[in-house]
Amino acid sequence: MMDKSKIIIRSFKESDRAPLRKLCADTAFMGEPVERFFPDRELFCDWACSYYTDYEPESIFVAEYEGGVSGYIMGSKDEPKYRRVSAELSRLFLKRTLGRFLFESSSRSLLFSLVKSFMSGEFKRPDFSRHYPAHLHINVDKAFRGSGIGSMLMNRFEDYLRSSKVYGARLATISARANRFFQKQGFGILYRRRVTYFDYLAPEEIYLSMYGKILERG
């Protein structure tokens, strides 16, 4: 049985880079591994994690248990910088995956679904950054879910935002389980819509939900 007193929530260290990337890839598809929809986990993590680990590591917090990484929260409080860097990372990702999209059947399925969704306007989303200037992503290792680690990470990140005089945070998820967790953390729904880019993989309809929370000022 896990001893909760041994859970440590701490700032990111460079040695966390590999464990965080692994956990990100292991949970990329609604808690399942990234290989469910994309075969190259390193390339996926370059796109999904590099901004946070390389450009804003001070906004990452890690849950450690008995020397191992059991969860993390990665976020940003600098929206202009995030948008500028992530746009470049996305361009690099597309450039490096073009050949794979053309020649691998599994990647082609993803490409066709993404293009179809793009053409139907599924990637047009409201901009809530004015009132919720920070954003976050959170992941907890499957073996530690339900342990309270997620709440501990959220509390630490919110304290960090307050200390930086940032009083609003937002996030997006397609996971039904994550929806329940964020609501328990005091996040309110800002936007919800049906998305189809994973219909070829998922047995049920998927909805993108965006949540926001205004933080109390100390």
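These figures come from a predicted structure and were not determined experimentally.
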Rounded distance (nearest 0.5 Å) linking atom [atom1] of [X] with atom [atom2] of [Y]:
X      : Y      : atom1 : atom2 : result
His137 : Ser76  : NE2   : OG    : 9.0 Å
Ile8   : Glu66  : CD1   : CD    : 10.0 Å
Thr196 : Glu205 : OG1   : CD    : 10.5 Å
Ile214 : His131 : CD1   : NE2   : 7.5 Å
Arg21  : Ser50  : CZ    : OG    : 5.5 Å
Phe38  : Trp47  : CZ    : CH2   : 10.0 Å

Please check if atom [atom1] in [X] has more than 12 non-hydrogen atoms from other residues, nucleotides or ligands closer than 6.0 Å.
X      : atom1 : value
Phe118 : CZ    : no
Arg130 : CZ    : no
Glu88  : CD    : yes

Can you hop from [X] to [Y] via hydrophobic side chains spaced under 4.5 Å?
X      : Y      : value
Leu43  : Leu92  : no
Val115 : Ile206 : yes
Phe112 : Tyr197 : no
Val195 : Tyr200 : yes
Phe37  : Phe123 : yes

Return the minimal non-hydrogen interatomic distance between [X] and [Y], and the atom names on each side.
X      : Y      : answer
Ala63  : Ile9   : CB-CD1, 3.7 Å
Phe157 : Ser59  : CE1-O, 3.6 Å
Ala172 : Leu208 : CB-CD1, 4.0 Å
Met210 : Pro126 : CE-O, 4.1 Å
Asp16  : Ser11  : OD2-O, 4.1 Å
Leu215 : Gly168 : CG-N, 4.4 Å

Can you check whether [X] reaches [Y] side chain to side chain, under 4.5 Å on heavy atoms?
X      : Y      : answer
Phe198 : Arg36  : no
Lys213 : Leu171 : no
Tyr191 : Ser209 : no
Met152 : Ser147 : no
Tyr65  : Asp141 : no
Met154 : Ile73  : yes
His135 : Glu79  : yes

request  = Provide the full list of salt bridge (Lys or Arg N to Asp or Glu O under 4.0 Å) pairs with a residue in residues 116-128, sequence neighbours left out, each pair given once.
outcome  =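 Applying salt bridge (Lys or Arg N to Asp or Glu O under 4.0 Å) to every pair that reaches into residues 116-128, excluding sequence neighbours, yields Arg83-Asp127.
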
Is it true that [X] and [Y] have a side-chain N and a carboxylate O under 4.0 angstrom from each other?
X      : Y      : result
Lys81  : Glu56  : no
Arg96  : Asp46  : yes
Asp78  : Arg84  : no
Asp159 : Arg162 : yes

Distance-only donor-acceptor hits, side chain of residues 181-189, under 3.5 Å, sequence neighbours excluded:
from, atom 1, to, atom 2, distance (Å)
Gln183, NE2, Tyr211, OH, 3.0
Gln185, NE2, Ser151, OG, 2.8

inquiry  = side-chain contact (heavy atoms from CB on, under 4.5 Å), that's the test. Do Thr27 and Lys142 meet it? Break it down for me.
reply    = CA-CA 8 Å; Thr27 58; Lys142 186 178 294 186; over 6 Å; no

ask   = Mind checking who shares a hydrophobic cluster with Leu20, ILVMFWY linked at side-chain heavy-atom distances under 4.5 Å?
value =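 Besides Leu20, the hydrophobic cluster comprises Phe12, Leu23, Tyr51, Tyr52, Tyr55, Ile60, Val62, Val69, Tyr72, Met74, Tyr82, Val85, Leu89, listed by chain and residue number.
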
Is a side-chain N or O of [X] found less than 3.5 angstrom from the main chain of [Y], in a donor-acceptor match?
X      : Y      : result
Ser120 : Ser117 : yes
Ser164 : Val166 : no
Arg170 : Ser129 : no

